Amino acid sequence: MNKANVSSVSPLETNVEPSQQTINDICEWEIMHGVAIKNSDGTARHCPFSLAPMAMKRHVFENLQTVTPLIAKLISRISEDHDYLQSSLVEMAKAEPFFGRLMELHEQIHGTHNAPLKAARQPLLLMRTDFMDDRVQGAKVIEFNGIAAGMGPFGQRAQQLHRYVKNQWPKEYNLWAEDKDGAAEDNACLTQLAQGIATAAHSVHAEFNDSKQPTFLMVVQDKEDNVYDQHLLEVALQEMGIRTVRRTFGQLSCQLSTGDNNRLVLQDIGGIDVVYLRAGYQYMDYFSPELAEEKCCHTLSQTRVFIEKHNVAVNATISQQLATSKTMQMLITMMPAEDFTRWGMSLDEATQIKRVLAAMLPINADTIHWFKTEAVKEEWVLKNQGEGGGHCVFGEQITERLEQLKDNEFDAWALMQRLYPHERNKPTLAVRDGEVTVVNDLVSEIGLFTAFYNDKPVTDFEGYAGYLVRSKPAQEHEGGIHSGKGILDSITLIE
């Protein structure tokens, strides 16, 4: 076994480290339950995981359960305030070409300030808000994820995996769990997300004289490797009477049409009730080498415009993608709580949201001068608008990147106060590709899902829809399961 950072592990602990047979059994449990990543040759490997869950104070987690639906309600309303989106994001759109394209699509769908249009689509906001519990500041938002916010099914499976380990290998579990007596926090993320989608699908389907079962269209990337997370959702929806079909933007560009009463119709399938994007957050998702285009990615990005002009529930709408951008996060962070009343939020709701927002600053000449001469470099992280991991700059490298930026690129970036979450109070076993590593400094990122349809919560818990925990060694910058050193985890609550 590969052992790293084991200096604080006692001889007792190393003597009862799980056998390779035990690790193999747990990895096989993951594969059997769909917690896997697809390899390029079509085979599958288990998703990286921790042997036992993290501990979190009950009052901290319950506060996040309360405030996250408020954040989702705010984003839901901002995303439908089209004048505000166009006026507040215009400079960012000039600085960031991809978001410039999104703003063009937004104008096609919703018109301009002087000539507004009414889009036919119905907004379904399936959002994941990511937090870290900072050692000093407490739990703060890292980012909003409004498009392709995946791995909710894996979040539910991670809690089930840790329950399986606790029952099957209690000695090993009790040794490596951060708090063996903590109460496991149930996680019905897969079930709740499916329920939110099914609610929207049945609602739209009821508007048409259609005897077929409601149909859910999942827009995916070509050569997707995260298919099992998606198929878990498909199976859950099937149990609720919803059929799922999967297509890329390339396929959809020539397979969609308009049916009676402005219904979205998919070739060989029929009417579509919900469109769910697991793609569309980067230019590559709209690129096709077969299309000789004067303007790159034009044809496939127009597919989103076509979809939103129909009577169909959509996640993520162009508006939702704009409303969950890093720039919008910065604007929300910087505005006074009183300004939230524009979107029907009470002052109490606004204050609750403001408490969990970490400080953010725009990039301009004054900010750059301050950062170079006064700022403590390790207290900040530089972010652009990118999604999917690998878009953050840390420490002294921030100064280098700021010096490279041209004036017309400033608005594509923002500084955010860096968060330093609690490290676990004992070593943890991480398992990746069947190999075991002892990690002394594991930290966690907690993503809470919410589901809102037409601005109303559509889960059993006022919009809250479960959680996803990804943990990583503290010294690692990227904690994504696919794009970094992250591992699946779950939560036990302590008083």
Side-chain angles (χ1 to χ4, degrees), residues 71 75 78 85 88-89 91-100 102-103 127-132 134 137 139-149 281-283 316 320-335 353-354 356-368 370-372 375-421 443 445-447 470 472 474-480 482-486:
I71 293 172
I75 294 298
I78 291 175
L85 289 176
S88 62
L89 299 178
E91 296 303 321
M92 183 268 277
K94 293 176 183 176
E96 215 294 330
F98 179 67
F99 273 81
L102 292 179
M103 286 286 277
M127 179 172 158
R128 192 185 75 232
T129 306
D130 291 337
F131 297 86
M132 279 186 174
D134 186 81
Q137 304 177 73
K140 298 287 185 181
V141 173
I142 302 169
E143 64 180 357
F144 309 135
N145 297 277
I147 181 169
Y281 56 86
Q282 58 186 356
Y283 260 132
Q320 290 168 349
Q321 192 169 355
L322 293 171
T324 52
S325 64
K326 306 297 188 301
T327 295
M328 185 58 67
Q329 181 183 347
M330 180 186 70
L331 294 174
I332 293 170
T333 299
M334 295 175 65
M335 71 174 59
I353 293 171
K354 293 287 286 184
V356 296
L357 298 177
M360 295 185 74
L361 296 171
I363 301 303
N364 53 44
D366 291 340
T367 305
I368 293 174
W370 166 82
F371 187 84
K372 291 168 66 174
V376 179
K377 309 299 186 288
E378 295 304 321
E379 292 183 356
W380 296 89
V381 56
L382 181 66
K383 295 186 173 187
N384 63 18
Q385 303 300 320
E387 301 282 352
H391 300 284
C392 296
V393 185
F394 299 87
E396 289 294 340
Q397 293 181 342
I398 297 177
T399 303
E400 298 175 18
R401 180 59 60 87
L402 290 175
E403 290 176 343
Q404 295 168 0
L405 292 180
K406 299 175 183 177
D407 291 2
N408 61 359
E409 298 173 325
F410 287 171
D411 289 299
W413 296 80
L415 279 170
M416 179 178 172
Q417 193 166 19
R418 188 171 179 179
L419 302 175
Y420 288 92
V443 297
E445 178 177 317
I446 302 100
R470 293 167 296 176
K472 67 179 180 66
Q475 72 272 14
E476 296 289 346
H477 289 158
E478 293 298 334
H482 291 76
S483 59
K485 299 295 184 181

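Source: prediction; values computed, not measured.
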Participant: Only one of F394, F371, W370 clears ring pair (Phe, Tyr, Trp, His ring centres under 6.0 Å) with W380; which?
Facilitator: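 When ring pair (Phe, Tyr, Trp, His ring centres under 6.0 Å) is applied between W380 and each of F394, F371, W370, only W370 qualifies.
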Participant: Table please: side-chain donor-acceptor pairs of residues 410-417 below 3.5 Å, with sequence neighbours left out.
Facilitator:
none

Participant: When you look at CD of Q397, are more than 12 heavy atoms from neighbouring residues, nucleotides or ligands closer to it than 6.0 Å?
Facilitator: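 Count not over threshold, so no.
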Participant: I'd like to know if the side chain of Q329 and the backbone of I142 have a donor-acceptor N/O pair within less than 3.5 Å.
Facilitator: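 Indeed, once roles are kept as given, a pair shorter than 3.5 Å links the two residues.
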Participant: For E445 versus R470, what's the shortest heavy-atom pair and its separation?
Facilitator: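 What the structure gives for the nearest pair is OE2-NH2, 2.7 Å.
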Participant: Rounded to the nearest 0.5 Å, what separation is found between the NZ atom of K326 and the CZ atom of F99?
Facilitator: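 Nearest 0.5 Å value for the NZ-CZ distance: 7.0 Å.
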Participant: Once rounded to the nearest 0.5 Å, what's the spacing between atom CG of L102 and atom CE of M92?
Facilitator: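 Between L102 CG and M92 CE, I get 8.0 Å after rounding to 0.5 Å.
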Participant: If we only count heavy atoms from C-beta on, is the V443 to K472 side-chain gap below 4.5 Å?
Facilitator: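 Result yes, sub-4.5 Å side-chain heavy-atom pair found.
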Participant: When V141 is tested against each of L419, V356, I353 for side-chain contact (heavy atoms from CB on, under 4.5 Å), which residue passes?
Facilitator: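 So, applying the side-chain contact (heavy atoms from CB on, under 4.5 Å) to V141 and each of L419, V356, I353, only V356 qualifies.
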Participant: Strictly distance-based, threshold 3.5 Å: is any side-chain N or O of D134 a donor or acceptor partner for the main-chain N or O of Y420?
Facilitator: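 Yes: the side chain of D134 pairs with the backbone of Y420.
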Participant: Begin with the C-alpha distance, continue with both residues' side-chain angles, and end with the deciding distance and a verdict on side-chain contact (heavy atoms from CB on, under 4.5 Å) for I78 and I332.
Facilitator: CA-CA 10 Å; I78 291 175; I332 293 170; 3.7 Å; yes
Participant: So, does K140 use its side chain to make a donor-acceptor pair with the main chain of A359 at under 3.5 Å?
Facilitator: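 Judged by distance alone, no pair lies under 3.5 Å.
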Participant: Ignoring hydrogens and geometry, is there a side-chain-to-backbone donor-acceptor pair from T367 to P362 under 3.5 Å?
Facilitator: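 Such a contact is found between T367 side chain and P362 backbone.
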Participant: T324 versus I147: any side-chain heavy-atom pair under 4.5 Å?
Facilitator: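 Heavy-atom side-chain distance check fails, nothing below 4.5 Å.
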